[in-house]
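Worth knowing before you read on, the calculation uses all heavy atoms, side chains too, and leaves out hydrogens, waters and symmetry mates.
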Amino acid sequence: MPQIAAPRGTRDILPDEFAARRWLLDAHSAVAESFGYRGIETPIIESSELFSRGVGTDTDIVEKQMFTFDDRGGRSLTLRPEGTAGSLRAVVGAHLDQEIRPVRVHYAGPFFRAERPQAGRQHQFTQVGIECIGESSPALDAEIIEVAWQFYKALGITGIQLQVNSLGSASDRVRYRAALVAYYTPLEASLCDDCRRRLHTNPLRLLDCKRDARFVEGAPLLWDSLDRPSRDHFTAVLRDLEAAGIEAIRNDRLVRGLDYYSDTVFEFWHDVLQGAQGSLGGGGRYDGLAELLGFPATPATGYALGVERTLMVARALGTIPQAPAAADVLVCSVEPAEADAAAGIARLIRAAGTRTVLDVAERRLDRKLRGAGRIGTRVAVIVGENEVAGDSAVVRDLDGHSQQTVPIAELAATVTRILGGAS
RNA sequence: GUGGCCAUAGCUCAGCUGGUUAGAGUGCCAGGUUGUGGCCCUGGAGGUCGCGGGUUCGAAUCCCGCUGGCCACCCCA
């Protein structure tokens, strides 16, 4: 019978990697909370409509990357492809923004997109993110970027490249889109296949075509279509970033793949990862999203960062801390006759708050001690015939190569002292 | 979704133009040391050669399909 494997595009997180992820996730929570963000968790399945209306029907995500299915009542549900729409639905739906403004929240969890899998691109992937909901101040755009910046710093990741741009208001974008289409339409015959498609589906995407770069040079600039408030907003964001000591690279061709963005958009890149994998995360302002979802107009801004890709960078840079040993102490019996006594001693040591592994297998003592070295415990406690007779145990300091016979009453304290002193 | 590369012990890989018992290193288990680790020596277990079909006297090796991984593109985390 064929063995069952994890589905295509999904992976198991085994203990070594689990520790590294927890390190990253804890760092993100800690940094976000240091800015006053509070944790939230929203459903992994949502109404398909949340994304078709929120993210946009013409986006790649909604067109071809969603895992969608009908529930038993015939309602269309979707495995969430991104976190912003759900977070906004949750916060505004619960009227949290009626109590405190802005509402600052952070989250972490799995997301799903049905693209062809590749390193750093899986059907199921993980993002950490924050959303700042209820106010339109440019200071908040700068604030969320600073949170991300501090997060990378906490991970020891240097060399992050921050790109920023402004998409302007919804009406600015309509105006700009028209200007772009007017510019490209006469050129249509000379465009690459992808660009001809983009011209009709998502004209803003024309800007990041690599093949038709020569046309991009002469294309109208987004900035020229922005009205005064949007220009002022973006100028203020740039000023705040500079004041925070964050280097931002203006990229007037940066357009994000989701329809709900307006004004500030940004992305984080790192060049130790090749190609598109270097895109670590991004975000921006989405003042129009709440209305698209049927809620009262509510300005908001936020970001989402890819956990797997960030870990790839941290691994490449060697900033992931060594995973702690699984336990501090190995308790082993010498002969099967001492198994019960050894188990009791292990309980005693655990009760004192020390992580303890018990080995009462029928094998030679030297193999058990070798196992202690493999696990990485710093202390071995040996329980043999003599020790049981004397209500004691041998406590061996594996780093210090010394050992002593200790009465059971003093065992836990002795172990704690060795562990405390050795580090 | 489009195109390309790849798939052999738990892991990293070797296996020449098809040839009979598929190997190495490492890890695992055991013995050397009838109660003391990290080194060393010896032995052992462990493989439907990703899956299915085809060509052939004979397939890990050649062909086709499938599955999975990787790479580029699209796009994005």
Set of salt bridge (Lys or Arg N to Asp or Glu O under 4.0 Å) partners for A:Asp366, sequence neighbours left out: A:Arg364
Sugar-phosphate only, base, or nothing, as touched by A:Glu387 at under 4.0 Å among non-hydrogen atoms: base
Partners meeting ring pair (Phe, Tyr, Trp, His ring centres under 6.0 Å) with A:Phe151 (sequence neighbours left out): A:His28
Electrostatic pair A:Arg285:A:Asp141 at N-O distance under 4.0 angstrom: yes
Spacing of the P atoms in B:C11 and B:G69 (rounded, Å): 16 Å
Pairing of A:Arg113 and A:Glu82 as salt bridge, 4.0 angstrom limit: no
Ionic contact status for A:Arg11 with A:Glu17, cut-off 4.0 Å: yes
Between B:G35 (C1') and A:Glu338 (CD): distance, integer Å: 9 Å
Between A:Thr84 and A:Glu131: side-chain donor-acceptor atoms closer than 3.5 Å: yes
Each stem that RNA chain B is part of, given as range with range (3 or more consecutive Watson-Crick or G-U pairs, under 3.5 Å): B:1-7 with B:67-73, B:10-13 with B:23-26, B:28-32 with B:40-44, B:50-54 with B:62-66
Sugar-phosphate, base or nothing in reach of A:Arg396, heavy atoms under 4.0 Å: base
Ring pair (Phe, Tyr, Trp, His ring centres under 6.0 Å) against A:Phe266, all qualifying residues, sequence neighbours excluded: A:Phe268
Sugar-phosphate, base or nothing in reach of A:Ala119, heavy atoms under 4.0 Å: sugar-phosphate
Taking every non-hydrogen atom, the tightest pair across A:Ala342 and A:Val360: CB-CG1, 4.1 Å
Minimum-distance nucleotide (side-chain atoms of A:Gln65 versus B:C75, B:G69, B:G37): B:C75
Stepwise side chain to side chain donor-acceptor pair (under 3.5 Å) test for A:Thr405 and A:Ser392: CA-CA 7 Å; A:Thr405 300; A:Ser392 64; 5.7 Å; no
Distance in angstrom units between A:Glu308 CD and B:C70 P, rounded: 12 Å
By ring pair (Phe, Tyr, Trp, His ring centres under 6.0 Å) - contacts of A:Tyr183 (at least two apart): none
Which donor-acceptor pairs under 3.5 Å do the side chains of residues 347-356 of chain A make with protein atoms, sequence neighbours left out?
residue	atom	partner	partner atom	Å
A:Arg350	NE	A:Thr356	O	3.2
A:Arg350	NH2	A:Thr356	O	3.2
A:Arg355	NE	A:Asp328	OD2	3.2
A:Arg355	NH1	A:Ala325	O	2.9
A:Arg355	NH2	A:Ala325	O	3.2
A:Arg355	NH2	A:Asp328	OD1	3.0
A:Thr356	OG1	A:Thr354	O	3.0

Sugar-phosphate, base or nothing in reach of A:Gly120, heavy atoms under 4.0 Å: base
A:His106 vs A:Phe35, ring pair (Phe, Tyr, Trp, His ring centres under 6.0 Å): CA-CA, chis, key distance, verdict: CA-CA 10 Å; A:His106 71 86; A:Phe35 281 77; over 10 Å; no
A:Arg363: partners by salt bridge (Lys or Arg N to Asp or Glu O under 4.0 Å), with sequence neighbours left out: A:Asp359
Nearest to side-chain heavy atoms of A:Ile382, which nucleotide of B:U36, B:C76, B:C28: B:U36
Distance, rounded to the nearest Å, where A:Asp397 contributes CG and B:U36 contributes C1': 14 Å
Pairwise P distance for B:A72 and B:C63, with rounding to whole Å: 26 Å
Length of the CG-C1' vector between A:Asn386 and B:U34, whole Å: 14 Å
Candidates A:Asp172, A:Val265, A:Leu226, A:Leu254 - the one meeting side-chain contact (heavy atoms from CB on, under 4.5 Å) with A:Ser166: A:Leu226
Stretch residues 328-337 of chain A: residues that reach within less than 4.0 Å of RNA chain B through a heavy atom: A:Val334, A:Glu335
Atom P, compared across B:G53 and B:A59: separation rounded to whole Å: 13 Å
Distance test, side-chain N/O of A:Arg363 to OP1/OP2 of B:C28, below 4.0 Å: no
Between B:C74 and B:C13 - P atom distance, rounded Å: 30 Å
Residues which pass salt bridge (Lys or Arg N to Asp or Glu O under 4.0 Å) with A:Glu49, listed by chain and number, not counting sequence neighbours: A:Arg53
Heavy-atom protein contacts under 4.0 Å, nucleotides 1-12 of chain B, coded B base, S sugar-phosphate only, - none: BBB---------
Rounded interatomic separation in angstrom, taking CD from A:Gln403 and P from B:G35: 14 Å
Given B:G68, B:G35, B:C70, the nucleotide with the shortest approach to the side chain of A:Arg8: B:G68
Whole-Å gap separating C1' (B:G37) and CZ (A:Arg378): 16 Å
Sugar-phosphate only, base, or nothing, as touched by A:Gly129 at under 4.0 Å among non-hydrogen atoms: nothing
Same-atom distance (C1') from B:G18 to B:A22, integer angstrom: 14 Å
Could you pull out the protein-nucleic contacts involving nucleotides 40-43 of chain B (nitrogen or oxygen on both sides, under 3.5 Å)?
none

A:Val255 or A:Asp366, whichever maps to the more 5' nucleotide of RNA chain B: A:Asp366
5′-ward residue of the pair A:Val383/A:Gly9 relative to RNA chain B: A:Val383
C1' spacing across the pair B:A24 / B:U33, given as an integer number of angstrom: 29 Å
Partners passing side chain to side chain contact (heavy atoms under 4.5 Å, CB included) against A:Arg250 (at least two apart in sequence or in another chain): A:Val164, A:Trp223, A:Phe234, A:Leu238
Value in whole Å for how far the C1' atom of B:C75 lies from CG of A:Leu204: 15 Å
Aromatic ring proximity, centroids under 6.0 angstrom, A:Tyr152 and A:His270: no
Between B:U56 and B:C75 - C1' atom distance, rounded Å: 47 Å
Separation of B:G37 P from A:Arg364 CZ (nearest whole Å): 9 Å
Residue A:Leu365, side-chain atoms from C-beta onward, closest of B:U36, B:C76, B:C28: B:U36
Integer angstrom distance from the C1' of B:C49 to that of B:U8: 5 Å
Touch class at under 4.0 angstrom, heavy-atom based, for A:Glu82 against every strand present: nothing
